[in-house]
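Hydrogens, waters and symmetry mates are skipped; everything else that's a heavy atom, side chains included, is used.
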Amino acid sequence: MVESKVLNAGLYIRVSTERQVKEGYSVSAQKENLSKFAKQQGWKIFDIYADEGISGKNIKDRPEVKRLIEDIKQKRVDVVVLYKFDRLTRDSKDTEDIIELIQQFGIQVFTLGGGTVDVTTATGRFAIRINGAVAQLEREQTIERVKFAFEEKVKQGYTLASATTCYGYNRKKHEKEQTINREEAKVVKRIFKMYVEGKTLTEICNILNTERIPTKMTGRVVRRRGTDEKYTIK
């Protein structure tokens, strides 16, 4: 009796916004659900590829998806498992490249949201292209809405520095404008002076770090993106 080959599965995860974290698309949530699905199919998990806090607008800026593609080309991965196809790409050109990759290396692609990604038929490829085009449209519309919101905010006199005030300035909660922080302003002037004198940004950074000059975020407790883990910024 010939034993069937155990397929190597590559689990791909991408989280780009806090909204996705709140909706259950966090790295840990995706990892758990994708791993459970792969094991149920009898596949061996070869590796987990996670692009955290990165947009799906293209592949070239995502190191983990590029690593996945390289492992596919080296025939280390037989099956790719992900939540939805738009986790892999939200660009029409990249969609065509992914279709070609699947065809060339004969890999299987499964999504928890839509099942098998079929590239063997014209109908299957058409469905992938439509989904890719819809994802790209949503991404471009989101960019337009954000740009419009920023423009309106500026017209109303609000600063765009909302989450973190610019270094050298203060802003009270609900205040439209930033006000100058006198002590930090002295550091800002020093930075400009050192830069004009020919120092590189790295050299300036090293000088300020040596003098233990704090940033706006120093001492703040924040949550690591995509997880419940918290840490203090030094």
Are side-chain heavy atoms of [X] and [Y] found at a separation under 4.5 Å?
X	Y	result
Q30	L11	no
D51	I13	no
Q178	N170	no
V79	I107	no
T215	L208	no
R171	E177	no
Q41	L7	no
V81	F37	yes

Problem - Least distance between heavy atoms, I48 atom then S35 atom - result: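 Shortest heavy-atom separation between I48 and S35 comes out as CD1-OG, 4.3 Å.
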
Exercise for the section: Kindly determine whether T200 and C205 satisfy side-chain contact (heavy atoms from CB on, under 4.5 Å), including the steps that lead there. Expected result: CA-CA 9 Å; T200 66; C205 183; over 6 Å; no

Fill in the blank from the handout: Sorted by chain and number, sequence neighbours left out, side chain to side chain donor-acceptor pair (under 3.5 Å) with D78 holds for K5

Exercise for the section: Kindly write out the residues that satisfy side chain to side chain donor-acceptor pair (under 3.5 Å) with E151, not counting sequence neighbours, or none if the list is empty. Expected result: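 Once residues adjacent in sequence are excluded, E151 has no partner under the side chain to side chain donor-acceptor pair (under 3.5 Å) criterion.
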
Salt-bridge criterion met for [X] and [Y] (N-O under 4.0 Å):
X	Y	value
E184	K216	yes
R190	E211	yes
K73	E70	no
R67	D47	yes

Exercise for the section: Among V80, D71, V65, I69, find the residue that satisfies the side chain to side chain contact (heavy atoms under 4.5 Å, CB included) test when tested with Y49. Expected result: D71

Under the side chain to side chain contact (heavy atoms under 4.5 Å, CB included) rule, collect the residues that match up with [X], sequence neighbours excluded.
X	answer
I180	Y169, R182, A185
T210	none
N206	T202

Practice task
Calculate, to the nearest 0.5 Å, the distance between atoms CD and CG belonging to E96 and L101 respectively.
Solution key: 13.0 Å

Practice task
Determine, step by step, whether V77 and F105 satisfy the side-chain contact (heavy atoms from CB on, under 4.5 Å) criterion, reporting the C-alpha distance in whole Å, the side-chain angles of both residues, the deciding distance to 0.1 Å, and the verdict.
Solution key: CA-CA 10 Å; V77 171; F105 292 94; over 6 Å; no

Practice task
Quick one: do I72 and L68 satisfy side-chain contact (heavy atoms from CB on, under 4.5 Å)? Show the steps, please.
Solution key: CA-CA 6 Å; I72 290 171; L68 170 61; 4.1 Å; yes

Exercise for the section: Would you please classify the geometry between the F110 ring and the W43 ring as parallel, tilted or perpendicular, with 30° and 60° separating the classes? Expected result: tilted

Practice task
Flag yes if more than 12 heavy atoms outside Q103 fall under 6.0 Å of its CD atom; otherwise flag no.
Solution key: yes

Practice task
Decide if atom OH of Y195 counts as having more than 12 heavy atoms of other residues, nucleotides or ligands within a radius under 6.0 Å.
Solution key: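 No, the 6.0 Å shell around OH holds no more than 12 heavy atoms from other groups.
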
Practice task
Before giving the answer on side-chain contact (heavy atoms from CB on, under 4.5 Å), spell out for Y83 and N33 the whole-Å C-alpha distance, their side-chain angles and the decisive distance to 0.1 Å.
Solution key: CA-CA 9 Å; Y83 246 85; N33 291 329; 2.6 Å; yes

Practice task
Say whether L201 and I191 are linked into one hydrophobic cluster, either directly or through other cluster members, by side-chain heavy-atom distances under 4.5 angstrom.
Solution key: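 Cluster IDs for L201 and I191 match.
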
Practice task
For K186, enumerate each residue passing the salt bridge (Lys or Arg N to Asp or Glu O under 4.0 Å) test, keeping only those at least two apart in sequence or located in another chain.
Solution key: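 Testing K186 for salt bridge (Lys or Arg N to Asp or Glu O under 4.0 Å), a comparison that skips the adjacent residues, returns E183.
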
